[in-house]
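Beneath this line is the structure, given in structure tokens, with notes to follow.
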Amino acid sequence: MSTDGLAAIAIRNRPALIRFLEARGAGVDAEDLFQELWMRAETVLSGPIAEPLAYLYRMADNLMLDRRRAAQRRIRRDDQWNAVTGGNAGGASDQPSAEQILLARERLRAVDAKLASLGERTAAIFRRYRIDGIRQQDIAPEFGISLSSVEKHLQKAYAALANLRASLNADSPELRRPDIEGTRDVAG
Amino acid sequence: MLQDETIIRAEAAAWFMRLRGGSESDWIAFTAWLEQNPAHVSAYEAVAETDADLGSWLSDSAPPAFSNDNAHAPRTTKYFVAGWVAAATAALAIGYQTMLPSMSTYAVETRAGQHRAIALSDGTRIDLNGDTRLLLRKGDNRFAALDRGEAAFTVVHHADKPFTLAIGNDHLQDVGTVFNVVRTPYGITTEVAEGTVLFNPGQQAIRLEAGKMLAISSDGGAAQIGDIRRETVAAWRRHQLVYDHAPLSKVADDISRNLAVPVSIAPEIANRMFSGVIKLGGNQQAFFARLALLLDVNVSHRKNSGWRVASRTSASR
């Protein structure tokens, strides 16, 4: 019963979804990823989904994002393995190390400064959206502006933060250079 | 060139925002944009990863539960990010599911003026009025959460597994029921047409029988219980609004939700009571002209703020 849902729609729209996966950077793996998408769609129980095809696209998009982040995690773990003997090379650590905490705070401070440079309003709207998890529709009346203005503020913030991220990564191609000694006492 | 990169990133950010609630055609257009230029993929990825990074920085920056006090985090850093960390901790407590697309919960949404019926696999039916957002769980057809708007529930009762509706921090539990719920920023109104509903079972456990309504305002005021006519519950499904001593502010709210137009009401008549039936439909001009006669008010239209309902005397200055 549940097979006649999302999975069936995925099969029907296979060419479009594969085309999307290819364009999204899957390259020759697009077919494999479609299989994975289809299998995930199978496990989604039937039920009302507002726009099933849009939902499948979103699943495919998330799949690509997950894939890329998993690859990055692997690289980082190897780095860490080389740099910190006896670090959490097993990779199964949920608790961030002291280093990670410092790095995260450092990054957030940069994010904060970047947002501040965009103006108070943009910064406030971005925080409401990304940190407080308030939907755009609800942010609009809060600030007395239209939905499309909210979207513009958010676009501006995301674009600026993506630029920031690019420049941070350019400064330190290896995100995790553990030059902070003596803080390892917190690490598990 | 650096300039180009910046422009492309801005476009990518626009796509990223648009796709949050993107329709099928948005995704097809997005595919075409990606195909235009290989730099587009990396720019989009940069934006998506910025978003994901924020999530992990926020969760990393929150101090671990067993952290010793002597970790030397520079004070200045602490000061700057204090707000973020507090927010992150709160966000984690609420759960990221509410902010990020999650696999287990999904939203069904209607635009203002749009009606939509949902059939759950156990036979339970949910009718959504316009401008409504309802969350459902995959694999669990005994749960729904009303995020906003109005919905009528026709619940198939299972004694061992009651249907629960979450409305913010409040819960309704059915005992074999047809009921209607409205959630606005000002509060919650529940009307029961058939069966019984338990409001916040386990806490106040208010029992609402058929023919009763419960109104709770979000400013923390006392709950009000009143009588209603059962046949009027969720009359919006038949394109009519039925009232028995309802304040005009509620009438305006309902009309706005049903017709997808902003309707505001002058404060001096917001609490005036109305009893009667308002038939929706026809063109808007005619509808509001009829409404003015019916409510004995002055109704005017402004280009930017929609329809305004005011007292006849104040409008005729």
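Residue numbers start from 1 in every chain, and the chains themselves are labelled A, B, ... in the order their sequence lines are given, proteins ahead of strands.
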Pick one of side chain, backbone, both or neither for B/Glu11, based on which atoms fall under 4.5 Å of a heavy atom in chain A.
neither

Just wondering, do B/Phe16 and A/Asp61 contact through their side chains at under 4.5 Å, heavy atoms?
no

If you count heavy-atom pairs within less than 4.5 Å of chain A, which of B/Ser25, B/Ala12, B/Ala52 leads?
B/Ala52

Would you give the length of the straight line joining atom CZ of B/Arg9 to atom CG of A/Leu164, rounded to the nearest 0.5 angstrom?
10.0 Å

Interface moiety of B/Asp26 toward chain A, non-hydrogen atoms closer than 4.5 Å:
neither

Answer whether the closest heavy-atom distance between the side chains of B/Arg20 and A/Arg58 falls below 4.5 Å.
no

Working to the nearest 0.5 Å, report the span between OG1 of B/Thr31 and CG of A/Leu21.
9.0 Å

Determine whether B/Glu35 and A/Glu22 make a side-chain contact, defined as any pair of heavy atoms from C-beta on separated by less than 4.5 Å.
no

Is a side-chain N or O of A/Arg130 found less than 3.5 angstrom from the main chain of B/Asp51, in a donor-acceptor match?
yes

Winner by heavy-atom pair count (cut-off under 4.5 Å) against chain A, out of B/Ser23, B/Pro38, B/Gly22:
B/Ser23

Check the angle between the aromatic planes of A/Phe20 and B/Trp27 and answer parallel, tilted or perpendicular using the 30° and 60° thresholds.
perpendicular

What part of B/Leu19 gets closer than 4.5 Å to chain A, counting heavy atoms only: side chain, backbone, both or neither?
backbone

Does any backbone or side-chain atom of A/Leu53 lie under 4.5 Å from a heavy atom of chain B? Answer side chain, backbone, both or neither.
side chain

Point-to-point distance, once rounded to the nearest 0.5 Å, from CZ of B/Arg133 to CG of A/Asp138
8.5 Å

From CD (B/Glu49) to CZ (A/Arg68), nearest 0.5 Å
4.5 Å

Check B/Asp53, B/Thr50, B/Leu54 against A/Val111 for a side chain to side chain contact (heavy atoms under 4.5 Å, CB included) and give me the one that passes.
B/Leu54

So which heavy atom on A/Gln155 is nearest to which on B/Ala13, and how close?
O-CB, 3.4 Å

Salt-bridge contact B/Arg18-A/Glu151 (side-chain N to carboxylate O under 4.0 Å):
no

Just verifying a value: how many Å separate B/Glu5 CD and A/Asn163 CG, rounded to the nearest 0.5 Å?
8.5 Å

Side-chain contact test, heavy atoms from C-beta onward, threshold under 4.5 Å: evaluate it for B/Arg148 versus A/Gln137 and give yes or no.
yes

Would you call A/Arg135-B/Glu109 a salt bridge at under 4.0 Å N-O?
yes

Correct closest heavy-atom pair for B/Ala10 and A/Ala159 would be CA-CB, 3.8 Å

